[in-house]
Amino acid sequence: MARYELVKRSVALITLTNPPVNSLSSAVRHGIAKTMDRALSDPKVTAVVICGENGRFCGGADIREFAGPMRGPPLLPLLDSIEAGEKPVVAAIEGVALGGGLELALVCHYRIAHSKARLGLPEVTLGLLPAAGGTQRLPRLIGIPAALELITTGRHVSSQEALKLGIVDQVTEQNVCEVAVEFALRAVAKPLSSRRLSALTVPCPPDLDALLEAVTMQIQKKARGMMAPLACVQAVRAAATMPYSQGIKRESELMATLFNSGQARALQYCFFAERTAGKWTLPSGAQWNDTKPREIRSAAVIGLGTMGRGIAVSLARVGISVIAVESDKKLMETGRQMVIGMLERDAKRRGVSASLNLLKFTLSLQDLKDVDLVIEAVFEDMALKKRVFQELSKLCRPTTLLCSNTSGLDVDALAGVTDRPQLVIGMHFFSPAHVMKLLEVVCGPRSSSETIATAMSLGKRMEKVSVAVGNCPGFVGNRMLKPYSDQATFLLEEGATPEQIDKVLEDFGFAMGVFRMSDLAGLDVGWRVRKESGLTGPDVDPKNPPRRRQGRKYCPIPDMVCEQGRFGQKTGRGWYMYDKPGGTNAKPDPLIQNLLETYRSRYGIKPRNITDQEIIDRCLFALANEGFRILEDGIAARPEDIDVIYQFGYGFPRHRGGPMFYASMVGLERVLERLEHYHQAHPDVPHLEPSPLLKKLVACGSPPIQKWREHIKTMHSHL
Ligand SMILES: CCC[C@H](O)CC(=O)SCCNC(=O)CCNC(=O)[C@H](O)C(C)(C)COP(=O)([O-])OP(=O)([O-])OC[C@H]1O[C@@H](n2cnc3c(N)ncnc32)[C@H](O)[C@@H]1OP(=O)([O-])[O-]
């Protein structure tokens, strides 16, 4: 796991060999200890270079090992011994030096980086802190403010920035190992004491307390409820105020509080879930690693509303030429200006030039005949979408992929009106599409494996986290949203207020509570859908009992809010009031309070005191329960996919893992017991009835989430 060679007759070249990222597994740590001993004890060796195989220095500790018992030599004493050695050691950094990988580089006496390398201490994103001396050595090298920023955010820096900060001694575009070997030969005669970072004093700013206070406040605002960034601040404080020997003890203590925390487990689960999500498999056996995607050079976007604009920007900025189509000249001009403005701002932020030459705007679908792929983003209306797909099917060459950005309509029904159902697929982006990372790739029963591979690979190229899902109303994300938001409105009937429910959900960690989120999205969209489905509006049979539709409980409060012209932020009024239409500062509105009171007294509902726990349990268990049904139905292949969708598309707090992981942490037995309890109290709410999969898992002894798939496999799968 660490290869040893003697080069230039006197330099020991140690290569870490643990693909794909040369993580510091117990075998690698053994390898480093053994090869370092050999280098230090061989009188022929005057200097050492450490590098990584396959163009990657080291991706840090082996995260997979965190779940099991600690084996092999512990990292910290191993690193301390490298720094204390009497022969110069040079780190040759190619690819990445992250986490423990950068900590390894920091104990080397010199660091040479390739110009394309990235460096960082991302432990905080895994719910940890750099506990192999990183919180103590980095501040000694680059000062408290810069180290604090890197350690508390986990941000990766380029080698150029690392050079400016003083993390590396040299950046090269040449073979980094060869440069490092030459460098090591020149370092042989030089004293090492000033190169041992643990022996340096920390350049401490005079206003240390104020700085730490400001960073803490920033963290409390941005990373609400997260423990690791705060522990990082405390570890850096120790570096500033204690000698290395004590600071390192403090670092270990703080790491011990984080290591077994639920947050660390959730964040590490998220790391792997995100990587698993792209790995789709079809019942036919076709899968992600044996299906070649088509190359997409040109694309078209139909409709330049909010979604279409974002999609056009996301395509153009990764070098795909885009033809954007609108139905009317005025709309096209507005769309053109918005897309150009968005692309220019995006390019400025990234420090690149805007690829405006890749954009073309047109009123004619005829212009699309030669594109590789079309993404339809017209109004969410099945009849309109079908007309567009019929026309595309006639116009585009037979190999063009036809994709719909529908947020919940039947992708197979669209495929059915074309001459190429195997080339039709859903690409459900989230608003604003050039910002939001999530893409649901909706696989219809007739979508070919090549079409799925192409949509997934295009999503990756567009820098999205793509998840393959099956075709059902609302797919995964929006299907699950309904039981969650229904519970919130039922709680309003029973005595809660929008601000109380939102506060509880935001304290839990959601970016926004359910009512603030609805105000942002616009309340009229759901109202129209409910009218179309006969749940509200003039088509409802007057003999229908109040607060019941289609044989189940129905809460008409959202309809009543819309009937008052309150459509959310855009009208300045919704569940909250805003300073002006388009305002974002939500304030509780006494008119909503009034509406709720009148409603309750009309139906004889005596408001009761609703606890925070009840809000969390009802909203989140209803959400997870629908997730179990989605797994049963084969609409999502595994719980990780659902959790990734909720983190990236719906603001679910990452440090809670996602709705399915959260359910597993709470304990499936408790989730089942609570759902049974609430379903008994509300038998007319089918979403509260525990799903058969949940019951099955509990009956099997509530296996860990990674094992659920074994129980799902036997069930029907669309994916
Ligand atoms: C005492 C300890 C102190 C120390 O301070 C703690 C740490 O160091 S904490 C660690 C701090 N370090 C970090 O947080 C860095 C975490 N890693 C990364 O950020 C990215 O993987 C990296 C940028 C390195 C490469 O990106 P890319 O090119 O897009 O590639 P990719 O992302 O698709 O990964 C390819 C495969 O490698 C796998 N894998 C990767 N890293 C690790 C790991 N450390 N371990 C195990 N496995 C790891 C990954 O799961 C995937 O597996 P699979 O089965 O093929 O799906």
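Both counts, for ligands and for their atoms, begin at 1 and track the order of listing.
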Response to the item:
Looking only at non-hydrogen atoms, the one of Ala131, Gly100, Pro74 nearest atom 3 (C) of ligand 1 is Ala131
Worksheet entry | Proximal ligand 1 atoms for Gly99, defined as those under 4.0 Å from one of its heavy atoms | 8 (O), 11 (C)
Worksheet item: Who's the nearest protein heavy-atom neighbour of atom 15 (C) of ligand 1, and how far?
Response: Gly59 O, 3.4 Å
Discussion item. Please classify the Leu121 to ligand 1 contact at 4.0 Å (heavy-atom distances, strictly less than): side chain, backbone, both or neither.
Written reply: neither
Worksheet item: Which atoms of ligand 1 sit under 4.0 Å from any heavy atom of Pro130?
Response: 5 (O)
Worksheet item: In terms of side-chain geometry, is the basic nitrogen of Glu463 or Lys437 positioned less than 4.0 Å from the acidic oxygen of its partner?
Response: no
Worksheet item: With a 4.0 Å cut-off, strictly under, does atom 10 (C) of ligand 1 pick up any protein heavy atom?
Response: yes
Worksheet item: So which heavy atom in the protein is nearest atom 48 (C) of ligand 1, and how far is it from that ligand atom?
Response: Val21 CG2, 4.1 Å
Worksheet, complete the sentence: Sorted by chain and number, sequence neighbours left out, side-chain contact (heavy atoms from CB on, under 4.5 Å) with Phe272 holds for Ile63, Arg64
Item to complete: Inspect the contact between Asp37 and Lys34 and indicate whether a charged nitrogen and a carboxylate oxygen are less than 4.0 angstrom apart.
Response: no
Discussion item. For atom 44 (N) of ligand 1, what's the nearest protein heavy-atom neighbour? Residue, atom name and distance, please.
Written reply: Ala61 O, 2.9 Å
Worksheet, complete the sentence: The option among Lys279, Glu103, Arg64 carrying the non-hydrogen atom nearest to atom 55 (O) of ligand 1 is Lys279
Worksheet item: Does Met70 approach ligand 1 within less than 4.0 angstrom via side chain, backbone, both or neither, non-hydrogen atoms only?
Response: neither
Response to the item:
By side chain to side chain donor-acceptor pair (under 3.5 Å), Thr172 pairs with (sequence neighbours left out) none
Worksheet item: Salt-bridged, Arg29 to Glu65, with N to O below 4.0 Å?
Response: yes
Discussion item. Looking at Arg137 and Glu83, is there a salt bridge between them, counting it only when a charged N and a carboxylate O are closer than 4.0 Å?
Written reply: yes
Discussion item. Residue-level breakdown please: for Ile63 versus ligand 1, do any non-hydrogen atoms fall below 4.0 Å on the side chain, on the backbone, on both, or on neither?
Written reply: both
Worksheet item: Identify the closest protein heavy atom to atom 5 (O) of ligand 1: which residue and atom is it, and at what distance?
Response: Glu123 OE2, 2.5 Å
Fill in: Identity and separation of the nearest protein heavy atom to atom 26 (O) of ligand 1
Arg56 NH2, 4.1 Å
Practice prompt. Salt-bridge test for Glu274 and Arg654: reply yes if a basic N is under 4.0 Å from a carboxylate O, no otherwise.
Written response: yes
Discussion item. Between Lys279 and Asp641 (salt bridge meaning N to carboxylate O under 4.0 Å), is one present in this structure?
Written reply: no
Worksheet item: Are any of the side-chain nitrogens in Lys292 or Glu450 under 4.0 Å away from the carboxylate oxygens of its partner?
Response: no
Item to complete: Below 4.0 angstrom from a heavy atom of Gly60, which ligand 1 atoms are there? Numbered from 1 as shown, please.
Response: 8 (O)
Worksheet item: So, Glu86 and Arg196, do they make that salt bridge, N to O below 4.0 Å?
Response: yes
Discussion item. Looking at Lys249 and Glu251, is there a salt bridge between them, counting it only when a charged N and a carboxylate O are closer than 4.0 Å?
Written reply: no
Fill in: Carboxylate-amine/guanidinium proximity below 4.0 Å for Arg317 and Asp346
yes
Worksheet item: For ligand 1, is there an N or O atom under 3.5 Å from any N or O atom of Arg118?
Response: no
Practice prompt. State if Gly134 counts as touching ligand 1 under the rule of any non-hydrogen atom under 4.0 Å.
Written response: no
Discussion item. I need the atoms of ligand 1 closer than 4.0 Å to a non-hydrogen atom of Phe272, numbered in the order shown.
Written reply: 50 (O)
Worksheet entry | Protein contact to atom 37 (O) of ligand 1 [nearest heavy atom, distance to 0.1 Å] | Pro20 CG, 3.3 Å
Worksheet item: Can a cation-pi geometry be assigned to Arg265 and Tyr269, taking NZ or CZ under 6.0 Å from the six-membered ring centre and within 45° of the ring axis?
Response: no
Discussion item. Counting non-hydrogen protein atoms only, what is the nearest one to atom 46 (C) of ligand 1? Give residue, atom name and distance.
Written reply: Asp62 OD1, 3.3 Å
Worksheet item: Contact between Glu65 and ligand 1, counting heavy atoms under 4.0 Å?
Response: no
Worksheet item: Any idea which protein heavy atom is nearest atom 33 (O) of ligand 1, and the distance to it?
Response: Arg275 NE, 3.8 Å
